[in-house]
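Here is the structure we will look at.
For reference, positions follow the sequence shown, starting with 1.
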Amino acid sequence: MTDHHQPTRGKPRVALVTCAALPDLDPDDRLALDPLAARGVATEIAVWDDPAVDWSGYDLVVLRSPWDYALRRDEFVAWARTVPALVNPADVVAWNTDKRYLAELSAAGVPTVPTAWVAPGERWAAPPSGEHVLKPAVSAGSQDTGRYDLADPEHRALASAHVRRLGDAGRVTMVQPYLDAVDTAGETALLYLAGPGGLAFSHAIRKGPMLTGPDLGEAALYKEERIDARTATDEQLTVAEKVLAAVPGGTDRLLYARVDLIPGPDGSPVLVELELTEPSLFVGHADGAPDRLAEAILAHLPRRP
C-alpha cells in the first residue's frame, strides 16, 4: 500500500485498487492523483489481495487495475463482497467479470458481436471457414485471446487446442466472428464518468487492431494497444446509451463505464465488451478527463457532517 499525499488528517481517504504486478498503478490512472489532491482527497494505492490492507478504513475504494484476477475470479468476487464503499459495486463486479453478460444484453436488444459459448467438457466443432476470435469468458487485457482463419488446417488445429486448453482449466470459451472493420476503423471505446446528474459521456478513443494470429500462451498481464483520441458519432453514442440502459440495477451506482464498439458487417456499431470492473479509462487522451475522473470520485464520496 502506498501513500500518495500527506497529511491525511480530516481528509476523505480513497483507495485506488491495483494488483501486485502494478504496485504504483497504471500510468494513465496516476494522472488523477494530483486532481484528487487538489480537491482535498487523500489517495492511497492498494493491492486487492494484500492481507495487510484494512478496507474498512477508507471512505471509498475505487477499482482501477486489479488485472490479475482472471484466473482467480471466484476469489476476486468474494473479496469484492467484503469491501465497504466499493465502486463499482460488488454485484456489478460479479455480473461484469463473466462475459456471458453479453448474452443478456443481446437478449435485451443490444446489438452485440454474435457469440457462441463452449463449456468445459463440451465438444466443439470448428466452423469450416472464416476468421474467428477465441477467448475465455473470464479474462482481462486480451489474455488467452487468439484470432484464427478456420479455412487453414493449422489454424483449425490450433483453435481446437485453444478450446481444449481453456476447457481443461475449467474455463468457458467464447467464439466470435472476427470483424474485419477493426483493421481499418479500429475499435471505439466510449468512456462514461459519474457527474452531478449521474453517469455522463466523457470522451472516446480509438484502439487499433491487436489480434494478429493464434494465441500461443503468452503470459503478459495485458497486450499493448495503439490508442488515439476519437470523436464519437451520434450512432455510437446511441448504441452506448442502449447498452448502459440494460445494465442490471441501473447506472446511478456506477463511477465509470466503458463501452467498446466495432462496426459490424453492415457498418453499424456493435458491442464487443462493456467494461464496468477495471477498465482503462484513457484519461490521458482527452483534455480535462483526469479532472472529470477526480470529480466522479468526489461525487461518490459519502457526505460528511
Salt bridge (Lys or Arg N to Asp or Glu O under 4.0 Å) between D91 and R253, intermediate numbers included: CA-CA 11 Å; D91 64 299; R253 302 177 301 150; 2.9 Å; yes
Side-chain heavy-atom pair L271, V113 within 4.5 angstrom cut-off: no
Note: D215-R165 ion pair, threshold 4.0 Å (strictly below): yes
W48 vs Y69, ring-ring contact (aromatic ring centres under 6.0 Å, His included): CA-CA, chis, key distance, verdict: CA-CA 9 Å; W48 73 270; Y69 76 84; 8.0 Å; no
Note: R206-E187 ion pair, threshold 4.0 Å (strictly below): no
Shared hydrophobic cluster for V239 and L179 (ILVMFWY, side-chain gaps under 4.5 Å): no
Ionic contact status for R72 with D49, cut-off 4.0 Å: yes
hydrophobic_cluster_shared for V53 and V87, side chain cutoff 4.5 Å: yes
Nearest-0.5 Å distance, OH of residue Y58 to OG1 of residue T43: 10.0 Å
Intermediate values then yes/no, side chain to side chain contact (heavy atoms under 4.5 Å, CB included), L276 and L254: CA-CA 8 Å; L276 303 179; L254 303 182; 4.0 Å; yes
Y256 OH to L191 CG distance, which is reported to the nearest 0.5 Å: 11.5 Å
Shared hydrophobic cluster for V14 and L293 (ILVMFWY, side-chain gaps under 4.5 Å): yes
Intermediate values then yes/no, side chain to side chain contact (heavy atoms under 4.5 Å, CB included), V247 and L274: CA-CA 9 Å; V247 173; L274 169 62; 3.8 Å; yes
Intermediate values then yes/no, side chain to side chain contact (heavy atoms under 4.5 Å, CB included), Y148 and R156: CA-CA 7 Å; Y148 300 88; R156 289 178 66 82; over 6 Å; no
Trace of the side-chain hydrogen bond (donor to acceptor under 3.5 Å, both in side chains) decision for E104 with W95: CA-CA 10 Å; E104 293 182 38; W95 180 76; 3.1 Å; yes
Test: D260 and R258 ion pair at under 4.0 Å: yes
Short N-O contact, D291 and R39, less than 4.0 angstrom: yes
Connected via hydrophobic side-chain network under 4.5 Å: V259 and Y101: yes
Same apolar cluster (I L V M F W Y, side chains within < 4.5 Å links), L244/F282: no
Side chain to side chain contact (heavy atoms under 4.5 Å, CB included) evaluation trace for L22 with S65: CA-CA 8 Å; L22 290 169; S65 47; 4.2 Å; yes
Short N-O contact, D228 and R226, less than 4.0 angstrom: yes
Between T115 and K99, a side-chain donor and acceptor under 3.5 Å: no
Salt bridge flag under 4.0 Å for residues E278 and R64: no
